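So the structure is just underneath, and the comments pick up after that.
Because only heavy atoms are used, hydrogens play no part in the values below, and waters and symmetry mates are left out as well, while side chains stay in. Computed from a prediction, not measured in an experiment: that's the story for all the values here. The chains referred to below are lettered A, B, ... by the order of the sequence lines, with proteins before strands, and numbering in each begins at 1.
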Number of protein chains: 2
Amino acid sequence: MGTLADHIEAYIKQMLRENQGRAIELSRAQLADVFACVPSQINYVLATRFSLERGYIVESRRGGGGYIRIGRVQVKDVRQDALELLGQIGRRLTEREMDDLLARLTDFRVINRREAQLMRGIVQQETTGVEEGKDVLRASLIRAMLLLIMEQRA
Amino acid sequence: MGTLADHIEAYIKQMLRENQGRAIELSRAQLADVFACVPSQINYVLATRFSLERGYIVESRRGGGGYIRIGRVQVKDVRQDALELLGQIGRRLTEREMDDLLARLTDFRVINRREAQLMRGIVQQETTGVEEGKDVLRASLIRAMLLLIMEQRA
DNA sequence: CCCCCTTTGACCATTCCTGACCTTGCCTTA
DNA sequence: TAAGGCAAGGTCAGGAATGGTCAAAGGGGG
């Protein structure tokens, strides 16, 4: 049930939860030791699961006393933030951008896992077979569905 | 009662039953091995027998640790009619047809007035400025939003 | 015989994991 | 205080493990 990367991701998120969402600090080498993997695997996890698009901020320093600090982007109101993100979706939205957006909204509890999955499924269905403008259609669909969800809950 | 596709379909449905309807996870290559067929046959079965319209959600991931997850969308009987209506939406949907559809759905209390109005607004917003394929986009948007609403209520 | 559903296979795309090599920062010591 | 050493973390490219797509061939019922 999951790759090494998934487990490391879960481990870090657990740490964040235990720290009430405040930023945590860790050592790359130590974490790699915990999971018995090469240190660069940690970078892979950070790059793919804790990107800015997904709502995380990662800073680090090299050299003696080096560290990696992971925090979440601060938002006053998640709903407001979500609306802004929606506004920022341009005319086009790639699959990756959609995944990042949905992951972020899920992490921030704007939508739940099931809704995210469903939206992915619907977009999948509506875009297969479409030749051109897949990204444009995807942007439209995601905007429509998210707006609908958020307005319904307002 | 006969084709390979039918057997694979039955096999997957059996797995779902045994798992009490909770989502199951499988490996495309392994399943193909079980039935001694090419992996893409699995995709065929998924596409033809486990579509959203039929009440299933399929998500997958490629690469190492890849998987295919199949879950059920819960649709109550009340919504079954609506789902059929949805299936009847063709590739295109004029504004007039959309209005008729929303009116019917409102009459049958599948959605309420506010939701109908909201959907109209969103469709309006997403289609203004679009030159070609407005009806196609409208069909897509309405299908997407209705599916979302119906599943949320399941 | 024709049409539609099935089946196959060649080719493609994505994700993960590792290891070699690079950069940065601090500390010790001549 | 300059040089060298040690202690972090960063980059990148490659290989392996999966799943996806699409067009063409196959086959069975009307």
(message) For a quick check, with a 4.0 angstrom heavy-atom cut-off, what is the B/S/- contact string for nucleotides 13-21 of chain D, read 5' to 3'?
(response) ----BBBBB
(request) Say whether A/Tyr56 and A/Tyr67 are linked into one hydrophobic cluster, either directly or through other cluster members, by side-chain heavy-atom distances under 4.5 angstrom. (result) no
(message) Can you tell whether the side chains of A/Asp81 and A/Lys76 come within less than 4.0 Å, N to carboxylate O?
(response) no
(request) Could you tell me which residues satisfy side-chain contact (heavy atoms from CB on, under 4.5 Å) with B/Arg91, sequence neighbours excluded, listed by chain and number? (result) B/Val136
(message) If the threshold is 4.0 Å, N to carboxylate O, is there a salt bridge linking B/Glu126 and B/Arg120?
(response) no
(message) Using the side-chain contact (heavy atoms from CB on, under 4.5 Å) criterion, which residues pair with A/Glu53? Sequence neighbours excluded.
(response) A/Ser51, A/Asp100
(message) Going by the rule side-chain contact (heavy atoms from CB on, under 4.5 Å), which residues pair with A/Arg109 if we only count those two or more places apart in sequence or in a different chain?
(response) none
(message) What I want to check is whether the side chains of B/Glu18 and B/Gln14 have a donor and an acceptor closer together than 3.5 Å.
(response) yes
(message) I need the CD-P distance between A/Gln41 and D/dG10, as an integer number of Å.
(response) 14 Å
(message) Quick check for you: name the first and last nucleotides of DNA chain C, 5' to 3', having an atom under 4.0 Å from a heavy atom of chain A.
(response) C/dT15 to C/dC26
(message) Do A/Ser40 and A/Asn43 pair up side chain to side chain, a donor and an acceptor below 3.5 Å, judged on atom types alone?
(response) no
(message) Within the 4.0 Å heavy-atom criterion, would you say A/Arg69 contacts the bases, only the backbone, or no part of the nucleic acid?
(response) nothing
(message) Closest-nucleotide mapping onto DNA chain C: is A/Thr48 or A/Val38 further toward the 5' terminus? I mean the 5' end.
(response) A/Thr48
Just the table, please: protein N/O against nucleotides 23-30 of chain D N/O, every pair under 3.5 Å.
none

(message) Within the supplied structure, the quantity of interest is the number of heavy atoms (other residues, nucleotides, ligands) at a distance under 6.0 Å from A/Tyr11 OH; does it exceed 12?
(response) no
(request) Would you classify A/Leu4 as touching base, sugar-phosphate or nothing, given that sugar-phosphate means primed atoms plus P, OP1 and OP2, and contacts are heavy atoms under 4.0 Å? (result) sugar-phosphate
(message) Can you see whether A/Arg114 engages A/Gln117 through a side-chain donor-acceptor pair at a distance of less than 3.5 angstrom?
(response) no
